[in-house]
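Written out below as structure tokens is the structure these notes cover.
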Amino acid sequence: MSWRDAVQPALRMLLQPETRLDPHLEILRLGAEHDDIEADDIVLTLALGGALVTGTLVSTDTWERLHLRQLGEHDDTLRRVVRHAVGHLDEAAEKRRRRRDIDHRFLHLRDATFRSGRTAYALPTWHGPISAVSGWTLGEPDKN
């Protein structure tokens with residue numbers, strides 16, 4: 001489904017009074033999922049229960065590839081299993097098809113930083129429920 005085909009039904013659904021999704025954040029998430037728009041460098045800072053997570057928004061496919069490669073850097077058995085899974089993902093990506101439908105309940109970030117109080121942790125990838133986001137902004141927080 002193209003971005004143009006996805007945006008109209010998404011907007012109708014998001015603008016319903018009973019929806020709990022932030023329509024602006026959902027539009028950014030949808031943009032990251034579609035190849036026909038350029039949403040490669042959208043940096044978000046998300047507020048999650050007193051903590052902040054900052055990173056670059058990525059599609060589910062991109063997050064899955066990065067995450068599986070990260071898993072593959074561990075134990076030999078896990079590396080073999082992951083190498084096999086990544087091979088299937090790469091093959092599916094080459095054929096421009098998905099393995100399954102996108103789960104719209106989650107946001108995915110790469111090159112993320114998790115901040116809680118004065119402590120910060122660098123994370124190669126981050127996967128979290130969009131329902132846990134209590135606030136967000138474009139960009140990164142000031143370093144001070």
Side-chain angles (χ1 to χ4, degrees), residues 1-74 78-79 81-144:
M1 177 183 294
S2 76
W3 167 253
R4 289 186 196 334
D5 295 336
V7 77
Q8 290 304 318
L11 283 174
R12 278 194 299 277
M13 183 267 308
L14 290 171
L15 295 175
Q16 297 298 317
E18 64 275 359
T19 189
R20 291 192 168 90
L21 295 177
D22 177 324
H24 304 286
L25 186 55
E26 181 63 9
I27 287 170
L28 291 175
R29 191 197 60 73
L30 281 170
E33 294 293 348
H34 287 81
D35 293 335
D36 57 341
I37 65 165
E38 302 221 2
D40 294 338
D41 295 316
I42 297 174
V43 175
L44 296 176
T45 297
L46 310 170
L48 302 156
L52 296 177
V53 177
T54 301
T56 303
L57 186 64
V58 294
S59 68
T60 302
D61 282 341
T62 298
W63 178 84
E64 285 177 345
R65 281 193 302 275
L66 292 170
H67 181 68
L68 288 172
R69 285 195 174 98
Q70 191 180 351
L71 288 175
E73 294 171 3
H74 294 281
L78 186 56
R79 186 177 300 127
V81 170
V82 169
R83 189 177 301 131
H84 183 72
V86 168
H88 284 294
L89 283 175
D90 290 342
E91 183 181 315
E94 287 172 15
K95 294 178 181 176
R96 310 284 277 167
R97 70 172 198 259
R98 292 201 44 82
R99 291 179 301 111
R100 63 179 191 277
D101 288 336
I102 295 166
D103 188 341
H104 301 288
R105 298 174 298 165
F106 296 96
L107 285 173
H108 304 94
L109 304 175
R110 68 172 165 79
D111 304 325
T113 303
F114 177 86
R115 293 176 181 85
S116 181
R118 294 180 183 214
T119 306
Y121 300 97
L123 307 168
T125 59
W126 181 85
H127 165 92
I130 199 168
S131 63
V133 176
S134 59
W136 64 276
T137 188
L138 292 171
E140 298 181 44
D142 189 6
K143 303 281 184 219
N144 297 330

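Count residues from 1 along the sequence. What you see is a predicted model, and the numbers here were worked out from it, not measured in a lab.
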When you compare the side chain of [Y] with that of [X], does any pair of heavy atoms fall below 4.5 Å?
{"X": "Glu33", "Y": "Thr60", "answer": "yes"}
{"X": "Pro124", "Y": "Leu66", "answer": "no"}
{"X": "Asp111", "Y": "Val43", "answer": "no"}
{"X": "Leu109", "Y": "Val58", "answer": "no"}
{"X": "Leu48", "Y": "Trp126", "answer": "yes"}

ask   = Ignoring hydrogens and geometry, is there a side-chain-to-backbone donor-acceptor pair from Thr45 to Gly139 under 3.5 Å?
value = yes
Aromatic ring pairing Trp63/His108, orientation class (parallel under 30°, perpendicular over 60°, tilted between) = tilted
If you round to the nearest 0.5 Å, how far is [atom2] of [Y] from [atom1] of [X]?
{"X": "Leu46", "Y": "Thr54", "atom1": "CG", "atom2": "OG1", "answer": "7.5 Å"}
{"X": "Leu57", "Y": "Leu28", "atom1": "CG", "atom2": "CG", "answer": "6.5 Å"}
{"X": "Ser131", "Y": "Leu107", "atom1": "OG", "atom2": "CG", "answer": "9.5 Å"}
{"X": "Leu123", "Y": "Thr113", "atom1": "CG", "atom2": "OG1", "answer": "7.0 Å"}
{"X": "Leu52", "Y": "Leu44", "atom1": "CG", "atom2": "CG", "answer": "12.5 Å"}

task = Could you point out which residue of Glu64, Gln70, Arg65 forms a side chain to side chain contact (heavy atoms under 4.5 Å, CB included) with His67?
result = Gln70
task = Look at atom CZ of Arg115 and say whether more than 12 heavy atoms of other residues, nucleotides or ligands are closer to it than 6.0 Å.
result = yes
Thr119 and Ser116 side chains, donor-acceptor separation under 3.5 Å = no
